[in-house]
Amino acid sequence: MRTALAEQLLVKIMDWSPEEVQRERAMLQSLANFKYDEYQQYSQGMRFIESLVRWLGQFLTYEERNTAYQFIKSKLIFISGEQVLHLVGLAYSHVVRPVLLRKTASELQIDKMEINRIVSSQQYKDNKRKTLFIGLSDGSRIDHFRRSARINNEQILPTYEISKIKADDLIEELKKDSEKDRFNSVFLVDDFTASGKSYCRFEAGEAKGKVLKFLERVFNPPDDQSHYSNLVSNADLTINLLFYIATKDALAYIEKQVHDWSSEFGHDVKFEVTAIQVIEGGIEEGAPFLNLCANETYFDPTIIDRHYKKGTHEFPYLGFNQCALPLVLNHNTPNNSLPVLWLQEDRKFVGLFPRVTRHKE
């Protein structure tokens, strides 16, 4: 659909006056050019304004279309690729460096505000070299992180699935630069979490999720995974989970799950979870747009598969784990966002930013 035609149809379905057309067209074109057209899951030939026309046209009344349109104008959060890379660039200075400063200050028994003294100490240099950075997914952009932080390549792992050969190589390289042969800090890095469920959860009493699996391999490794525990020094080990973007609820959830795991298995894990950009929460209950989300005409119950059921799903139209987020990431829309925004192309109702799912039934 050509943009000019899309704009004509948008004027028709929204019943705008000439003044409204002039105002809204300029605003929509700016949004499209500045951010929304970069959404990576649009089909061939589809861009934001074309998708907006299709999306709004699925609502049955003018009042519903206007409610949906006003929601997009005032509540939608779209995080562009450039913004994510900006957060990646902040990760070392805003999170990693302060952690290393506090750790070193404690070991030297000096005030953490004596930054020049800390940074110039050999202890700080050793602690920096003995820090291992592990990407938990492609979204961690661990390559960009390494370059922006100027970290040794032998301190970086793109995945938490670590082979014995790679673990041995890391230790050998560490020995060349340090008197120690173990890492004493680990940063697990990823881009986004809204619920925390994919990182920490218990199913039938069994620890699941990327973070709990990593902790199991470090502190309770089976024989074929003993190289995980050989990588780190348990005596002074600190583990930090770093997100570029996360909800406040997810951070609290992960912290509690790790605490529960530590208590159950008797491990004193020094663990901290941090996000550079914290999202306070989803759309408030009672918001007019939620009435549209709850309307069965605009919701497809076939999205409620076994993966979806791992979260709270009494009100599935609020998204996975009922997060009710108004959030879109440039590469994909999280399933924690309101489904009316992301329902896929093959559904009875198609979202404004159709999502591609990782899980297939």
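Computed from a predicted structure; not experimentally measured.
Under the 4.0 Å criterion applied to side-chain N and carboxylate O atoms, Glu173 and Lys176 are assigned as salt-bridge partners. Using a 4.0 Å cut-off between charged side-chain N and carboxylate O, Glu206 and Lys208 make a salt bridge. In summary, Arg129 and Glu154 do not engage in a salt bridge, as defined by a charged side-chain N under 4.0 Å from a carboxylate O. With respect to Asp111 and Arg117, no salt bridge is recorded, no charged nitrogen being found less than 4.0 Å from a carboxylate O. Using a 4.0 Å cut-off between charged side-chain N and carboxylate O, Arg201 and Glu203 make a salt bridge. Remark: Glu20 does not engage Arg25 in a salt bridge, criterion side-chain N to carboxylate O under 4.0 Å. The pair Glu284-Lys75 fails the salt-bridge criterion, with no side-chain N (NZ, NE, NH1 or NH2) lying under 4.0 Å from an Asp/Glu carboxylate O. Using a 4.0 Å cut-off between a side-chain N of Lys or Arg and a carboxylate O of Asp or Glu, Arg47 and Asp37 do not qualify as a salt bridge. With respect to Glu296 and Lys348, no salt bridge is recorded, no charged nitrogen being found less than 4.0 Å from a carboxylate O.
Thr312 places none of its side-chain heavy atoms less than 4.5 Å from the side chain of Phe320. Between Leu241 and Ile254 the shortest side-chain heavy-atom distance falls below 4.5 Å. The shortest distance between side-chain heavy atoms of Tyr253 and Lys256 does not fall below 4.5 Å. No side-chain heavy atom of Leu237 sits under 4.5 Å from any side-chain heavy atom of Arg182. Contact of the Phe353 side chain with the Tyr39 side chain is registered, since non-hydrogen atoms from C-beta on lie closer than 4.5 Å.
Relative ring orientation between Phe145 and Phe133 is described as tilted, the plane-to-plane angle lying within the 30° to 60° band. Ring-plane geometry between His267 and Phe219 is classed as tilted, the angle between the planes lying from 30 to 60 degrees on a 0 to 90 degree scale. In this structure, Phe265 and Trp261 have tilted ring planes: the angle between them lies in the 30° to 60° band. Taking the six-membered ring for Trp and thresholds of 30 and 60 degrees, Phe243 and Tyr199 have ring planes more than 60 degrees apart, a perpendicular arrangement.
Without hydrogens or angle criteria, His227 side chain to Ile162 main chain gives a donor-acceptor distance under 3.5 Å. No side-chain donor-acceptor contact under 3.5 Å links Arg217 to the backbone of Leu215. A donor-acceptor pair under 3.5 Å is absent between the side-chain atoms of Glu345 and the main chain of Pro354, judged by distance alone. Put simply, the side chain of Ser337 gets close to the backbone of Leu327: a donor and an acceptor are under 3.5 Å apart. Of the possible donor and acceptor atoms, one in the side chain of Ser121 sits under 3.5 Å from a partner among the backbone N and O of Tyr124. Within the 3.5 Å criterion, the main-chain N or O of Ala26 finds a donor-acceptor partner in the side chain of Ser30.
Dense packing is recorded around CZ of Arg147, with more than 12 heavy atoms of other residues, nucleotides or ligands lying under 6.0 Å away.
Only one option out of Val350, Leu343, Leu352 pairs with Trp55 in a side chain to side chain contact (heavy atoms under 4.5 Å, CB included); it is Leu352. When each of Thr131, Asn127, Thr238 is paired with Asn184, the side chain to side chain donor-acceptor pair (under 3.5 Å) condition holds for Asn127 and for no other.
Proximity of the aromatic rings of Phe78 and Phe48 is defined here by a centroid distance below 6.0 angstrom, and this criterion is not met.
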